[in-house]
Amino acid sequence: MRPRPATTTSSCRGLSNNVSGLHLLTIEEAARRLAARETSSLELTEACLSEIERTDGEIGSFLEVTADLARKQAKKADARIAAGKDIAPLTGVPIALKDLFITEGVRTTCASKILHNFVPTYQGTVAGRLADAGAVLVGKANMDEFAMGSSCENSALGRTSNPWNTAYVPGGSSGGSASAVAARQALGSYGTDTGGSIRLPASFCGVVGLKPTYGRVSRYGVIAFASSLDQVGPFATSIRGAAALLGAVAGHDPRDSTSIDTPVPDYTSGLGSDLKGVRVGVPKEYFIEGLEPDVEARVREALAKLEELGAELVQVSLPHTEYAVATYYIVATAEASSNLGRYDGVRFGLRTGEEQGLAAMYGRTRDQGFGDEVKRRIMLGTYALSAGYYDAYYLKAMKVRTLIRRDFIQAFERCDVIASPTGATTAFKFGERSGDPLAMYLTDVLTISTNLAGLPGMSQPCGFDSEGMPVGLQLIGKPLDEQMLFKVGAAFEDATDFHTKIPTSVAA
Amino acid sequence: MSKGETQRTELDYVLEKWEPVIGLEVHAQLLTESKLFCGCSARFGAPANANTCPVCTGMPGVLPVLNKRAVEYAIRGALATGCKINPVSRWDRKNYFYPDLPKSYQISQFEKPYCEGGEVSVDVDGETRHIRLTRIHMEEDAGKSIHEGNSEYSLVDLNRSSVPLLEIVSEPDLRSAVEAAAYMRKMRSILRYIGICDGNMNEGSMRCDANVSLRPRGSETLGTRAEIKNMNSFRSIERAVNYEICRQADILDAGGKIVQETRLWDADLGETRSMRSKEEAHDYRYFPEPDLLPLVIDDDLIEKVRARMPELPDARRERFVSQYGLSEADAGVLTSAKELADFFEQALAEHPNSKAIANWVMGDIIRLANDAAVDSEPDFSKIPCSPVQLAGLIRLIDDGTISGKIAKDVFGKMCGTTETAATIVEREGLVQESDEGKIGEVIDTLLAANPDKVAEYRAGKEKMLGFFVGQVMKETQGKANPGVVNKLLKEKLTD
């Protein structure tokens with residue numbers, strides 16, 4: 001079916017509330033207008049805040065809207081621009097952060113009861129770099145608790161709906177970051193991706209979402225889920241916007257030993273060329289049984305478009321793909337079981353049961369503070385690391401991880417970028433998978449291998465299914481070759497109009 | 001049960017039948033300025049929680065960053081004990097819950113430590129024993145829980161959280177409590193020599209756990225062991241291990257079996273008691289620390305550290321023998337502590353009489369250090385006399401200005417002051433009298449007053465000479481040169 005045009009009328013539209021239309025701008029267009037002094041950061045910020053005010057009751061992207069802070073930052077950005085000094089690509093641009101980014105003085109909850117009252121006393125690297133660049137923080141976005149989930153239904157603190165149809169989930173875990181951008185409540189946002197947590201919600205919400213190479217962006221100040229897999233990345237309504245967002249936060253950080261110490265290229269340059277000489281690998285294992293026909297059709301159309309733009313399609317094989325989900329749920333849960341030990345009620349966050357002694361305090365605090373999925377993963381991970389089971393589970397998983405990484409190395413001998421669907425399906429309805437953890441885990445089957453291999457992966461809009469829900473095209477690159485993803489993505493975006501489609505709930 | 005006097009005999013009896021097999025795990029806090037994984041000060045003694053930051057308090061979202069200086073110190077430790085350094089080692093997480101462990105895991109090295117092997121020689125009763133090391137690894141310390149009185153709460157001080165430690169694990173090569181304590185002393189001496197640990201057991205910057213088991217004399221198989229914790233002095237090590245040897249022997253002699261367990265030494269009660277059994281042992285769920293890269297120690301770094309290695313105790317002892325003509329035993333005493341050996345060599349630089357200085361250092365100086373002992377361990381950092389002062393005193397003896405007897409008095413007056421021996425001798429008129437005329441006058445008076453004793457001497461009772469020497473010294477307030485006194489007395493008595 002054809003995508004709905006942006007002009008479709010909607011009963012909930014409140015035109016008078018947001019006449020400027022500035023919230024609809026791409027980041028690159030907003031930056032151009034700011035630099036040309038055609039608009040101010042405060043105007044952009046007010047447009048986003050008023051859109052949040054108007055629609056977030058229904059969509060629920062945000063756990064906290066930082067309106068006062070945003071206005072203050074916008075005014076400072078405007079002063080910077082007026083002075084003509086220290087102007088960075090994101091100076092004055094309103095953005096949102098997933099609520100696991102540590103923001104000094106701004107409550108950071110991980111969508112968990114155990115951190116419901118946690119206000120960090122230090123600044124994380126991503127929030128710090130954005131503040132230094134003059135970006136404007138409009139709010140902290142909802143997510144699956146501790147980034148564990150694929151639908152955003154595991155948030156303990158709020159419900160986020162898909163802006164395209166509020167009966168559907170936005171995807172997860174970075175659901176609020178994706179929905180905020182799709183609903184034009186912020187021009188861009190950041191999330192984290194451990195097994196698909198940026199790409200899947202980007203796909204479900206019809207926006208661009210990128211998970212960079214492991215180590216490209218500092219994890220200092222990112223509340224950890226699975227340390228060897230977690231990676232920070234942007235959401236935007238355009239490839240160029242995503243490129244600008246990545247450039248603002250990428251680069252070595254002495255506070256993160258796993259961050260990569262290589263120069264950060266200008267990701268926004270050199271985009272817009274054709275794809276002559278680019279070999280696009282199509283992995284047969286990613287066109288699996290269970291792939292929705294609409295999804296397969298849109299992705300095949302996208303592949304044809306890439307070919308039309310000059311790319312050469314080559315068949316590749318990633319033979320260990322079938323073990324990826326099992327491997328992931330051992331490695332990720334093992335690390336999580338250790339990472340989440342610090343939520344013990346001793347120093348911060350929720351504490352209950354202290355009158356009954358130390359053991360009871362630990363037990364009660366963690367029982368009441370963590371949701372079911374978090375508890376499930378802590379138990380899985382604890383089991384996998386236990387004496388007598390370590391070799392059979394964790395060690396084995398590490399070996400399979402090596403094989404999965406090797407699959408990609410071999411595939412990239414034959415191609416420059418790999419293309420596939422992001423999710424096997426489009427967004428599903430609330431409750432459809434939340435009763436069946438295994439079905440939920442399988443949602444990430446096409447994104448997980450990228451994390452296990454540490455590679456960059458991106459999802460961008462490539463059409464809609466028969467219900468009008470967005471379909472995502474996934475591109476996977478070589479280590480540190482985010483530029484290739486942007487190059488292919490920009491060529492596709494320039495040749496199509498999917499990214500210009502807007503949910504009907506958004507004020508035009 | 002009173003262990004006081006009876007223990008010695010009980011232990012003797014036990015040791016006839018059973019051979020103790022002991023291995024030590026020594027924890028040594030590295031003397032770095034900052035902590036192992038953050039920039040906080042690692043110094044002891046700050047107000048509670050003053051030396052903390054988001055990283056060492058385990059706040060959400062923080063990451064560890066390795067202190068390179070700690071790695072250099074650790075390499076020094078490896079070189080000093082002849083360990084083989086692994087070019088690539090790994091950090092692991094050791095997971096357990098405790099309020100003073102903020103992340104709920106300790107970053108340590110489990111699967112692949114940074115070094116393995118090595119050996120330390122220990123002298124016990126004139127015999128040199130070579131104690132093999134299994135491994136040394138780096139790890140971060142936990143914080144400290146403070147349980148005060150009967151209060152309903154405990155307090156946590158995280159100043160120590162993430163302070164760098166070396167864990168030095170020996171093979172089960174030790175055979176007695178005395179050897180265990182001697183090994184610990186030697187280890188402390190080495191760590192102090194290379195300047196990577198202050199070795200203060202009472203401040204907890206050096207601690208150890210002991211694995212103790214018994215086997216019948218002549219047997220080569222290992223018995224079931226118990227791990228003894230909480231020994232915070234050399235005396236504790238000796239007492240705890242001896243207690244444990246007797247405890248295990250009692251059980252074995254009664255036909256019982258040793259339970260593999262962790263036991264806590266209680267210095268007040270003088271006994272070990274069960275802390276947790278093997279079944280209750282923690283499952284630490286070790287796995288590779290994903291927040292840190294593998295630890296790479298290349299040859300360049302090792303050579304850089306080696307080039308700055310100070311002289312080690314064993315090498316210094318050999319040098320003292322060959323360079324200063326000291327006996328092995330004396331050289332061993334003088335080099336047992338770096339401060340003592342430094343004191344000796346600094347005094348020697350002022351006045352080159354190695355024998356005399358060695359005797360003074362091994363006598364009066366060590367006595368002073370013993371007087372200032374903390375927990376029966378001499379403290380050589382608080383000697384109330386400088387090497388220059390001691391050298392000045394010995395110079396006065398050697399040039400005949402004062403007698404050895406007067407020197408003892410001068411030494412006593414000099415200690416705790418900054419005065420030189422010469423100043424004291426001059427002020428108090430203690431210069432030795434060597435004038436034969438003056439001494440002769442005293443002798444003449446003395447002989448004249450004691451004709452009977454002179455007669456006894458001349459009749460062959462040579463012991464009387466001592467009486468006359470004593471009288472002359474008394475008459476001269478000890479200032480008479482004993483050599484001159486002897487010579488003149490003999491001349492005048494045989495006249």
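Just so it is clear: chains get the letters A, B, ... in the order the sequence lines come, proteins before strands, and each one is counted from 1. In this text the structure is predicted, and so the values were computed from the model without any measurement.
Both the backbone and the side chain of B:Phe287 come within contact range of chain A, each with at least one heavy atom under 4.5 Å from a heavy atom of that chain. Contacts of A:Ala334 with chain B are made by backbone atoms alone, with heavy-atom separations under 4.5 Å and no side-chain atom involved. If you measure heavy-atom distances from A:Val346 to chain B, the contacts under 4.5 Å come from the side chain alone. There is no contact between B:Tyr96 and chain A, counting heavy-atom distances below 4.5 Å. At a 4.5 Å heavy-atom cutoff, the contact between B:Pro54 and chain A is made by side-chain atoms alone. Using a 4.5 Å cut-off between heavy atoms, A:Tyr394 touches chain B through its side chain atoms alone. Within the 4.5 angstrom heavy-atom criterion, only backbone atoms of A:Pro254 (N, CA, C, O) approach chain B. Heavy atoms of A:Leu340 lying under 4.5 Å from chain B are absent altogether. In this structure, no portion of A:Phe101 lies under 4.5 Å from any heavy atom of chain B. Both the backbone and the side chain of B:Asp291 come within contact range of chain A, with heavy atoms under 4.5 Å apart. For a residue to count as touching a neighbouring chain, one of its non-hydrogen atoms must lie under 4.5 Å from one of that chain's; by this rule A:Thr382 touches chain B with backbone and side chain alike. Looking at B:Val55, the atoms closer than 4.5 Å to chain A (heavy atoms on both sides) all sit in the side chain, from C-beta outward. Neither the backbone nor the side chain of A:Phe146 comes within contact range of chain B; no heavy atom of the residue lies under 4.5 Å from a heavy atom of that chain. For chain B, the nearby part of A:Tyr343 is the side chain; its heavy atoms alone come within less than 4.5 Å.
Between A:Asp253 and A:Ser259, the side chains place no donor N or O within less than 3.5 Å of an acceptor N or O (distance only, hydrogens not considered).
In summary, the aromatic rings of A:Tyr390 and B:Tyr286 are positioned with their centroids too far apart to meet the 6.0 Å limit.
Here A:Ser386 is the residue among A:Ala384, A:Ala224, A:Ser386 with the most heavy-atom pairs under 4.5 Å with chain B.
Distance CG/B:Leu24 to CG/B:Asp209: 9.0 Å, rounded to 0.5 Å.
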Report task. Report the C-alpha distance between A:Glu145 and A:Ser112 in whole Å, list the side-chain angles of each, state the deciding distance to 0.1 Å, and finish with yes or no for side chain to side chain donor-acceptor pair (under 3.5 Å). Result -> CA-CA 5 Å; A:Glu145 184 180 5; A:Ser112 179; 2.6 Å; yes
Report task. Go through the steps to decide whether A:Thr365 and A:Asp344 satisfy the test side-chain contact (heavy atoms from CB on, under 4.5 Å), and finish with yes or no. Result -> CA-CA 7 Å; A:Thr365 298; A:Asp344 57 5; over 6 Å; no
Query raised in the report: How far apart are the C-alpha atoms of B:Glu139 and B:Ser108, what are their side-chain angles, what is the distance that settles it, and do they pass the side chain to side chain donor-acceptor pair (under 3.5 Å) test?
Result: CA-CA 4 Å; B:Glu139 62 185 24; B:Ser108 181; 3.0 Å; yes
Query - Worked verdict on B:Tyr284 versus B:Arg93 for side chain to side chain donor-acceptor pair (under 3.5 Å) - result: CA-CA 8 Å; B:Tyr284 290 120; B:Arg93 289 188 186 177; over 6 Å; no
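No more than 12 heavy-atom neighbours from other residues, nucleotides or ligands sit within 6.0 angstrom of OH on A:Tyr393.
Put simply, the side chain of A:Thr109 never gets that close to the backbone of A:Leu115: no donor and acceptor are under 3.5 Å apart.
Using a cutoff of 4.0 Å between basic side-chain nitrogens and carboxylate oxygens, B:Lys68 and B:Glu72 are not scored as salt-bridged.
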